[in-house]
K.L.:
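A single structure is presented below for examination.
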Amino acid sequence: MRLQARFRWLPTPFRSLFLFIVWLLLNNSVSVGHIILGAILALLIPLFSMSFRDPQPLILKPGLAFKQLLIVLYDIIVANLQVALLILGPSKNLRPGFVKVPIDLMHEMPITILASCVSLTPGTVSAEVYPLIKSLNEDDEPIQRYLLIHVLDLGDEQALIKQIKARYEAPLKEIFQC
């Protein structure tokens, strides 16, 4: 897992690109002056704010990250339809429950993205990640971490764990190389 940017003068290229695009959209102009000023701000803001940030793993496979974004968006749409059918149906058919999903990710950023993907998909909510790394002593060996998820309609717990690990966690491990 890489925490340092390839170029020191461009510490977060995707954030810089995002700032540049937002600058042009906010000004509603693509004039030469706005392009130059947007490029300068897109380079300088991440440089100056770098010392305020904790080191985070870099996205090493942006194509896979974009594909994963599309998969999550698709899952959100499908889950919305499934939840609508569950809610419009008889409530006695609902089987809510908590599931403890073992996660292999160790860094905060990929775990946060995993928990967000689960929470953004209707019918599931990430409740907690435990144990917290900060609660462990420095000389302790890394132990298994879990993501506690509340599910609106829990059918097969093992199938849900396999789906989360294969559909969300495995691509995140590849994107961040962790």
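Numbers here are sequence positions counted from 1.
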K.L.:
Mind checking whether H150 and F98 have parallel, tilted or perpendicular rings, split at 30° and 60°?
P.N.:
perpendicular
K.L.:
What distance do I161 atom CD1 and I103 atom CD1 have between them, rounded to the nearest 0.5 Å?
P.N.:
12.0 Å
K.L.:
When you group the ILVMFWY residues by side-chain heavy-atom contacts below 4.5 Å and let the links chain together, are L37 and L43 in the same group?
P.N.:
no
K.L.:
For A42, is there any backbone N or O sitting under 3.5 Å from a side-chain donor or acceptor partner on S16?
P.N.:
yes
K.L.:
Heavy-atom count check: over 12 atoms from other residues, nucleotides or ligands less than 6.0 Å from D156 CG?
P.N.:
yes
K.L.:
Nearest 0.5 Å, what's the CG-CG distance between L64 and L172?
P.N.:
8.5 Å
K.L.:
Looking at E169 and D104, would you say the former's side chain and the latter's main chain have a donor-acceptor pair under 3.5 Å?
P.N.:
yes
K.L.:
Hydrophobic clustering (ILVMFWY, side-chain heavy atoms < 4.5 Å, transitive) - are L152 and V101 grouped together?
P.N.:
no
K.L.:
Sub-3.5 Å donor-acceptor pair from the side chain of K165 to the main-chain atoms of P102, do we have one?
P.N.:
yes
K.L.:
Test your reading of the model: is there a side-chain donor-acceptor pair from S126 to the backbone of V118, 3.5 Å cut-off?
P.N.:
no
K.L.:
Using modelled atom types only, decide if a donor and an acceptor are shared between the side chain of E128 and the backbone of L147 within a distance under 3.5 Å.
P.N.:
no
K.L.:
Treating Q68 as the side-chain partner and R167 as the backbone partner, does any N or O pair qualify as donor plus acceptor under 3.5 Å?
P.N.:
yes
K.L.:
Can you confirm whether Y168 sits close enough to D75 that some side-chain heavy atom of one is under 4.5 Å from a side-chain heavy atom of the other?
P.N.:
yes
